[in-house]
Number of protein chains: 2
Amino acid sequence: MARVAGVSSSTVSHVINNTRYISPSTRKAVLDAIESTGYLADGIARSLRTGTTQSIGLAMSALSNTYFAAFVHAIEKEISRSGFSLVLADTHDDPEREARAVQEILALRVDGMIVAPTNGSVAALDKLAAHNVPTILIDRVPPDPLRRGMDAIGVENAEPTAQLVDHLAEIGHSRIAFVGPNSALSTTRERLEGFREGLRRNGIEADDELITSGGTPENPTPARIAQLFDLEDPPTAIVAGNNEMTISVMQQLRGHGRRVPDDVALVCFDDFEWADLFAPRLTAMAQPADEIGRRAVQMLFERLKDRDLESRVVRLPPTFEHRDSCGPAALHRRHRR
Amino acid sequence: MARVAGVSSSTVSHVINNTRYISPSTRKAVLDAIESTGYLADGIARSLRTGTTQSIGLAMSALSNTYFAAFVHAIEKEISRSGFSLVLADTHDDPEREARAVQEILALRVDGMIVAPTNGSVAALDKLAAHNVPTILIDRVPPDPLRRGMDAIGVENAEPTAQLVDHLAEIGHSRIAFVGPNSALSTTRERLEGFREGLRRNGIEADDELITSGGTPENPTPARIAQLFDLEDPPTAIVAGNNEMTISVMQQLRGHGRRVPDDVALVCFDDFEWADLFAPRLTAMAQPADEIGRRAVQMLFERLKDRDLESRVVRLPPTFEHRDSCGPAALHRRHRR
DNA sequence: TTGTAAGCGTTATCAG
DNA sequence: CTGATAACGCTTACAA
């Protein structure tokens with residue numbers, strides 16, 4: 001390549017990177033040679049030399065969960081704005097697969113990482129910390145103090161879930177169920193806590209029969225949800241703990257021939273893009289997924305610039321999308337204070 | 001690293017890769033050293049040396065389009081099964097951004113690529129061909145002969161779309177509109193062709209007023225759809241050309257106060273995971289996205305093994321999901337032959 | 001204004 | 001059975 005332009009390799013490097021003055025004539029010669037040969041600098045060799053890959057890794061159960069798609073979208077957009085590339089690996093919310101995913105991504109020597117930790121992900125986080133890779137935790141904000149060099153960003157969970165319960169209580173429900181995903185996730189724990197607080201402050205006694213979260217191979221989520229309807233005194237309202245659970249609940253409801261909102265009220269954490277367009281129009285707590293993704297990337301870039309930044313934890317509020325999966329809006333208004 | 005284990009760097013390399021016999025004692029010494037230092041081989045240096053990165057690139061408008069999420073999911077799963085990593089870039093269905101995306105991914109020296117070409121993507125494909133990167137085209141199968149070293153996989157478009165029209169004609173519709181995405185995409189062209197064939201074979205004259213595809217800045221898709229309802233003789237049935245269009249149509253329908261299926265029948269190309277659970281339950285042509293994604297990866301790996309393979313083009317059939325967005329099923333049966 | 005040469009961390013060849 | 005050493009394709013002092 002240096003040969004075809006008739007110059008030295010360092011000159012080529014300098015014109016590509018604009019890193020020192022080059023006479024117009026030789027610059028043109030090099031540019032022409034690049035054009036004609038279709039030359040593209042080898043990022044691998046460059047990375048080996050400079051120690052930076054201009055790429056960042058993303059590890060989450062990104063693809064099984066439609067809600068995460070919005071995250072990935074926002075993250076990709078923000079990253080590519082800076083000319084960085086995105087390396088993606090799915091953790092399937094399993095600590096072991098997560099560790100493997102992180103290991104693989106790390107081998108590519110990404111400059112930074114964004115991880116939606118699956119609780120029990122000490123192995124993966126330890127590895128990240130050991131290798132001193134700037135990391136942003138997203139969605140699930142661990143309660144324990146953050147490791148050095150890590151930030152976290154996610155949504156508020158407890159109070160908004162309590163508000164969902166408030167809403168159901170206001171319109172007269174007291175047999176309220178909670179259907180959550182994997183109970184080891186910090187988001188689930190916080191939402192469940194909010195659920196209990198909601199019951200408490202509305203004077204409703206908690207009934208553990210109405211709380212189900214996580215699935216096991218022997219008793220998977222669908223079966224757990226179905227059990228709710230076989231109770232002697234079944235729930236009249238359900239709080240779905242996330243996107244996936246909402247779908248699961250709807251499936252079981254259909255299987256049992258119950259309609260929303262006529263037979264049972266449903267509110268959910270996480271919104272759907274199409275929630276307005278199809279019936280039942282779900283009343284939901286909508287996460288600002290776009291902003292969370294965008295800010296996660298920004299925080300990462302800030303940390304890339306200054307690796308000694310203090311660890312930061314950011315919580316963003318979700319917004320209450322009031323639709324009619326708890327019954328027609330008119331009915332609610334009647335009950336409101 | 002070699003020092004801490006008290007051996008040479010080549011020995012370390014050989015124990016990591018199991019590439020020649022090492023005495024149990026030294027092997028143990030090396031393994032211990034790896035363990036204690038948390039050493040992780042530098043993939044960058046390795047790649048520079050071996051010329052393979054164990055990563056493959058994916059360029060599609062992956063994230064704006066929910067339907068593609070299923071592709072990405074399937075692709076990621078299949079790739080990680082082989083221990084490869086996934087580098088992702090969004091093309092936003094724009095040739096220029098696509099070229100940039102491909103360039104960036106190429107700089108990372110991925111071993112192969114999967115691309116959902118945005119028609120007009122000659123630049124990107126030329127670059128791929130010039131750099132001799134094994135490439136699989138997915139979703140949009142170009143009609144022209146494939147470049148050397150490229151395969152293509154996608155769904156059948158024309159006949160299935162004609163079947164959608166058959167269905168509408170059978171239950172008595174003759175004012176049938178087609179709402180398609182970007183008309184430059186091969187999928188759109190094929191589906192539109194199928195739409196026309198469907199009209200033809202059902203003895204319905206095509207009315208160009210009822211065909212809208214692609215949006216321009218001056219006349220975006222929502223406006224185009226809205227115009228359909230302002231016609232003197234508006235459509236009584238609509239064929240949505242993909243996922244996104246289905247949502248757009250539903251939005252406009254709501255804006256105009258028309259209900260599905262009571263006021264207008266709707267069928268669509270592309271299915272939704274939740275289509276069974278919410279009303280209207282959409283009658284749809286469901287793509288085997290999982291299989292397409294999986295086979296795309298398999299084809300790529302085959303080509304990685306043998307770069308002189310003949311170019312292959314694979315078309316998979318979608319399945320007709322008959323639900324009730326054209327009116328209750330009973331009504332249809334009455335009209336069926 | 002440009003060229004020379006060292007070195008990034010591996011793997012592969014060749015000796016021993 | 002293991003160790004030197006060259007080479008992968010860049011960037012960056014340093015020299016000219």
Side-chain angles (χ1 to χ4, degrees), chain A residues 1-34 37-55 83-85 103-111 127 130-133, chain B residues 1-34 37-55 83-85 103-111 127 130-133:
Chain A
M1 171 63 209
R3 287 204 311 271
V4 13
V7 297
S8 77
S9 66
S10 60
T11 300
V12 175
S13 171
H14 281 119
V15 350
I16 289 177
N17 303 314
N18 272 321
T19 181
R20 83 175 171 198
Y21 185 85
I22 304 281
S23 79
S25 61
T26 54
R27 145 162 284 135
K28 180 163 183 331
V30 172
L31 257 22
D32 286 351
I34 287 177
T37 57
Y39 169 85
L40 180 62
D42 187 331
I44 295 298
R46 171 178 295 159
S47 293
L48 183 59
R49 178 64 233 238
T50 62
T52 155
T53 53
Q54 302 282 98
S55 68
F84 276 58
S85 297
Q103 173 108 2
E104 277 171 12
I105 294 183
L106 240 39
L108 291 179
R109 289 294 190 260
V110 294
D111 294 335
K127 195 159 293 177
H131 284 264
N132 206 20
V133 178
Chain B
M1 175 60 209
R3 289 203 310 270
V4 14
V7 296
S8 77
S9 65
S10 55
T11 299
V12 174
S13 171
H14 282 120
V15 350
I16 289 177
N17 304 312
N18 271 318
T19 180
R20 80 174 173 198
Y21 186 84
I22 303 281
S23 79
S25 61
T26 54
R27 144 162 286 133
K28 180 164 185 329
V30 173
L31 258 22
D32 286 352
I34 287 177
T37 58
Y39 167 85
L40 180 60
D42 188 331
I44 295 298
R46 170 178 297 159
S47 294
L48 182 59
R49 181 62 233 243
T50 60
T52 156
T53 54
Q54 301 284 100
S55 68
F84 276 58
S85 296
Q103 172 110 3
E104 276 171 13
I105 294 184
L106 240 38
L108 291 180
R109 290 293 190 263
V110 294
D111 293 337
K127 195 161 292 176
H131 283 265
N132 205 20
V133 179

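Just the heavy atoms: all of them, side chains too, but no hydrogens, waters or symmetry mates, feed the values below. Just so it is clear: chains get the letters A, B, ... in the order the sequence lines come, proteins before strands, and each one is counted from 1. Just so it is clear, the structure is predicted and the values come from calculations on it, not from any experiment.
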For residues 7-32 of chain A, which residue pairs qualify under salt bridge (charged side-chain N to carboxylate O under 4.0 Å, His left out), counting only residues two or more places apart or in two chains?
A:K28-A:D32

Go through the structure and list residues passing side-chain hydrogen bond (donor to acceptor under 3.5 Å, both in side chains) with A:S8, not counting sequence neighbours.
A:S10, A:T11

Please tabulate the protein-to-nucleotide N/O contacts below 3.5 Å involving nucleotides 3-5 of chain C, giving atom names and distances.
residue	atom	partner	partner atom	Å
C:dG3	OP2	A:S8	N	3.0
C:dG3	OP2	A:S8	OG	3.2
C:dG3	OP2	A:T11	OG1	2.5
C:dG3	N7	A:S10	OG	3.3
C:dG3	N7	A:R20	NH2	3.0
C:dG3	O6	A:R20	NH1	2.8
C:dT4	O4	A:S10	OG	3.1

Got a second to check how far B:R109's CZ is from A:L40's CG, nearest 0.5 Å?
5.5 Å

Name all residues meeting the salt bridge (charged side-chain N to carboxylate O under 4.0 Å, His left out) criterion together with A:R49; count only those two or more places apart in sequence or in a different chain, and write none if there are none.
none

Relative orientation of the end axes in the helix from C:dT1-D:dA16 to C:dG16-D:dC1, expressed as an angle to the nearest 10° (five pairs per end):
40°

Please identify each residue that fulfils side-chain hydrogen bond (donor to acceptor under 3.5 Å, both in side chains) with B:D42, with sequence neighbours left out.
none

Show the nearest heavy-atom pair for residues B:L48 and A:A45, with the distance to one decimal.
CD1-CB, 3.7 Å

Treating B:H131 as the side-chain partner and A:G38 as the backbone partner, does any N or O pair qualify as donor plus acceptor under 3.5 Å?
yes

Under the side-chain contact (heavy atoms from CB on, under 4.5 Å) rule, collect the residues that match up with A:A33, sequence neighbours excluded.
A:M1, A:V4, A:A5

Could you work out, with salt bridge (charged side-chain N to carboxylate O under 4.0 Å, His left out) as the rule, every residue matching A:R46, not counting sequence neighbours?
none

Just the endpoints, please: which first and last nucleotides of DNA chain D, 5' to 3', lie under 4.0 Å from a heavy atom of chain B?
D:dC1 to D:dG9

Taking only heavy atoms on the protein side, list every residue of residues 43-50 of chain B lying under 4.0 Å from any atom of DNA chain D, sorted numerically.
B:L48, B:R49

How close or far is atom P of C:dT11 from atom CG of B:N18, stated in whole angstroms?
12 Å

Nearest 0.5 Å, please: how far is CG in A:L106 from OG in B:S85?
10.5 Å

I'd like to check the side-chain hydrogen bond (donor to acceptor under 3.5 Å, both in side chains) partners of A:S23; sequence neighbours left out, ordered by chain and number.
A:S25, A:T26

Contacts of A:S47 that satisfy side-chain hydrogen bond (donor to acceptor under 3.5 Å, both in side chains) - sequence neighbours left out
none

So, do A:T53 and A:L108 sit near enough that their side-chain heavy atoms are less than 4.5 Å apart?
no

Can a side chain N or O of B:T19 be found less than 4.0 Å away from OP1 or OP2 on C:dT11?
no

